[in-house]
Amino acid sequence: MVETNLIVRAGMRVIVDVEACQGHGRCRLISPALFDIENEKVVLLSESVPVGGEKSAKHGMLSCPERAISIVEG
Amino acid sequence: MSDDPMVARAQEVARNLDRSVAKFLLTEYDDYDVLREHLPIARTEKGQSPGWFLTRYEHCVQALKDFETFSSEAGQVKSSETNRRWIPQGVDPPEHTAYRHILHERFTPKAIDRMDGDITHWVNTLLDRFVEEPEFEFIEAFADPFPVTVFCQLMGFPTDTLEQLVEWKNIMLHTRDGHPRGREAALRVAAKLGIDPGLDADGVISLAAYQQIAGATSRALYGYFQRLLDERRAEPRDDLISDLLAARYNGERPLSQNELEDTMILLFFGGLDTVSSVLGFILRDFATLPDKRREFMALMDDDMAVGDAIEELLRLNTIVTQPRRCTRDMAFNGTEFRAGDLINISCPAGNRDPREFEAPAEMRFDRSPNRHLTFGLGRHRCLGIHLARRELKTALRLFLKRCPDFELIAARPPIAFAQMKGVAELWLRRT
């Protein structure tokens with residue numbers, strides 16, 4: 001799986017597909033510095049992966065049951 | 001009949017698949033494995049919802065997300081007594097979206113955070129009553145009353161009706177599925193109504209008798225809702241019933257009496273049964289898998305690790321198979337569906353698909369990714385997702401702290417029930 005092999009570095013851009021998001025909140029539990037939930041939808045607290053948050057950002061992305069999160073080169 | 005022996009075997013599994021009888025649980029996951037590999041879109045005829053049966057993860061995802069083709073409204077098995085739908089579960093978008101909007105405020109992660117202290121208090125209060133005993137029955141002592149207590153608080157139901165609510169729930173959902181207390185409570189209602197329960201050779205109450213019993217119980221339950229609605233109309237409080245009364249559908253009009261009651265009944269069934277069932281299955285596993293129990297205990301105070309561990313327990317103990325009805329003739333991954341076909345989306349089977357989950361039968365507390373289907377996907381994602389997670393986390397942490405070592409009691413084996421499956425009796429002995 002391509003996304004599991006993705007190497008996430010600080011500064012990479014986090015993109016959320018708000019249409020696809022259904023507010024499961026897995027991302028918020030895993031990476032509360034990056035994701036919040038409002039009105040059953042994800043809210044990005046930062047547009048890029050923070051230093052030290054690489055691992056949890058990737059874990060949050062991979063955990064989304066709706067596959068609504070992607071992380072790309074800034 | 002297929003020439004391929006494995007396909008023929010899968011066809012036999014599909015023919016005999018009856019999720020409504022308790023013995024189904026003995027071979028459930030083996031049956032799903034056979035179907036998933038050899039007949040992933042199977043035709044089933046037995047049980048309460050004959051129709052197509054999906055066992056592959058990707059197929060389940062596809063059907064859950066496509067709410068226009070796979071209707072929840074038409075897929076709902078309505079009670080013969082009232083022929084009324086459950087809101088919002090049995091309603092399609094855009095109506096669904098409007099109802100959901102009214103409800104979601106009480107179920108946000110932040111709203112659940114505010115309930116945390118109360119949830120901890122109720123867990124400890126219930127544990128105080130039995131957890132020091134050398135032997136106890138976990139379901140009646142804890143797994144049933146705990147979610148009901150939380151639910152009563154959230155809704156604004158008086159907690160002194162808790163036992164009555166559990167009994168109504170068990171009659172409505174568990175009269176004919178192998179749940180002893182459900183059956184006994186239904187027999188009491190039958191006796192009161194002067195109905196012949198029509199027991200079969202296995203002691204199962206007849207469908208005809210159940211319909212009368214469920215009808216009477218349903219009238220009692222709706223009557224209870226109506227009394228509470230009247231009370232809150234006269235004197236609103238800080239609870240969900242008062243919210244429903246104050247709500248405006250699409251910002252335009254208040255909910256009708258039927259809409260209010262149909263929402264309350266959905267929350268009642270959604271809130272009372274599933275957490276209880278999952279807790280029963282988890283503790284049954286922890287009683288027989290002490291290494292897994294200790295592994296969980298070693299990580300349960302780490303908020304991040306326990307979150308992942310609970311998702312894994314939810315993946316392995318999925319209760320709900322989602323019913324939908326196909327709204328048009330279509331080809332679905334090589335199979336022709338006709339408009340009107342009932343589609344059973346087996347989230348329990350999809351959650352053990354090796355295409356999505358490596359070594360799916362293994363309990364891996366750090367599994368990643370773990371995009372399980374336990375709460376559904378798409379627009380109908382379980383409203384109570386954040387509450388359910390919090391209830392499980394708090395209950396497991398506090399129970400295991402006070403009762404770290406336990407086992408099953410050979411003379412009193414666990415009793416599980418089918419359909420909306422769960423554990424009805426779980427005797428445990430401290431060791």
Side-chain angles (χ1 to χ4, degrees), chain A residues 1-10 12-46 49-73, chain B residues 57-58 60-61 64-65 67 88 93 96-97 100-113 303-312 314-315 347 350-351 355-358 366-390 393:
Chain A
M1 223 179 294
V2 177
E3 49 191 352
T4 51
N5 297 330
L6 180 75
I7 295 163
V8 174
R9 290 181 307 273
M12 285 173 83
R13 203 148 61 89
V14 183
I15 300 171
V16 293
D17 178 344
V18 176
E19 269 302 300
C21 171
Q22 302 295 339
H24 292 250
R26 287 284 290 133
C27 57
R28 177 185 182 266
L29 285 176
I30 291 164
S31 185
L34 203 48
F35 305 104
D36 198 1
I37 299 285
E38 293 283 350
N39 292 319
E40 302 202 87
K41 291 289 180 187
V42 65
V43 176
L44 267 184
L45 301 176
S46 160
V49 176
V51 175
E54 299 88 347
K55 207 177 148 200
S56 67
K58 179 174 174 180
H59 185 25
M61 172 193 74
L62 288 177
S63 298
C64 177
E66 309 283 352
R67 302 183 193 221
I69 303 170
S70 39
I71 299 176
V72 297
E73 292 295 343
Chain B
Y57 179 86
E58 278 307 321
C60 292
V61 168
L64 286 169
K65 285 193 174 182
F67 62 85
H96 169 267
T97 315
R100 181 94 178 204
H101 185 71
I102 291 170
L103 288 170
H104 91 273
E105 282 293 340
R106 292 257 171 200
F107 294 91
T108 63
K110 290 175 190 89
I112 305 307
D113 283 346
D303 262 323
M304 213 54 81
V306 77
D308 288 343
I310 284 182
E311 296 306 313
E312 177 69 346
L314 284 162
R315 180 185 71 85
C347 298
N351 274 345
R355 291 162 194 76
E356 173 66 16
F357 303 99
E358 188 184 297
D366 60 352
R367 183 180 289 280
S368 179
N370 185 356
R371 295 175 281 224
H372 65 73
L373 307 171
T374 304
F375 294 111
L377 286 186
R379 300 289 191 97
H380 284 277
R381 184 268 293 165
C382 171
L383 178 68
I385 188 169
H386 311 296
L387 177 59
R389 284 183 184 136
R390 185 63 56 96
K393 182 171 84 173

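Bear in mind that the values here come from a model prediction, so they are computed numbers and not experimental data. Chain naming here is simple, since letters A, B, ... match the order of the sequence lines and numbering starts at 1 in each.
- Looking at residues two or more places apart in sequence or on another chain, you find a salt bridge (Lys or Arg N to Asp or Glu O under 4.0 Å) between B:D113 and A:R28, B:R390.
- Other residues, nucleotides and ligands contribute at most 12 non-hydrogen atoms within 6.0 Å of the NE2 atom of B:H101.
- Look at B:R100 and A:E40 and you find a salt bridge, because one of the NZ, NE, NH1 or NH2 atoms lies within 4.0 Å of a carboxylate O, short of that distance.
- Side-chain contact check for A:R67 versus B:L377: every heavy-atom pair is 4.5 Å or farther apart.
- For A:N39, the parts lying under 4.5 angstrom from a heavy atom of chain B are both the backbone and the side chain.
- For the options B:S368, B:G378, B:G307, heavy-atom pairs under 4.5 Å to chain A are most numerous at B:G378.
- Across all non-hydrogen atoms, the minimal contact from A:I37 to B:P109 is CB-CG, 4.1 Å.
- There is no contact between A:C21 and chain B, counting heavy-atom distances below 4.5 Å.
- For a residue to count as touching a neighbouring chain, one of its non-hydrogen atoms must lie under 4.5 Å from one of that chain's; by this rule B:R379 touches chain A with backbone and side chain alike.
- With a 4.5 Å cut-off on side-chain heavy atoms, A:H24 and B:R371 do not count as touching.
- Scanning for salt bridge (Lys or Arg N to Asp or Glu O under 4.0 Å) contacts around A:E19 gives an empty result, with sequence neighbours left out.
- Note on B:E311, B:H372, B:M304, B:K65: by heavy-atom pairs under 4.5 Å with chain A, the leading option is B:E311.
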**Request:** Starting from the C-alpha separation in whole Å, work towards a yes-or-no answer on side-chain contact (heavy atoms from CB on, under 4.5 Å) for A:I30 and B:D308.
**Result:** CA-CA 8 Å; A:I30 291 164; B:D308 288 343; 4.2 Å; yes

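- At a heavy-atom separation below 4.5 angstrom, chain B is approached by A:H59 within residues 52-59 of chain A.
- Partners of A:V18 according to the side-chain contact (heavy atoms from CB on, under 4.5 Å) rule, which considers only residues two or more places apart in sequence or in another chain, are A:V16, A:K41.
- The minimum heavy-atom distance linking B:P369 with A:T4 is given by the pair CD-CG2, 3.9 Å.
- Inter-residue side-chain proximity for B:H380 and A:Q22 is flagged as unmet; no heavy-atom pair is nearer than 4.5 Å.
- One distance of note links CZ of B:R367 with OG of A:S63; it measures 12.0 Å at 0.5 Å rounding.
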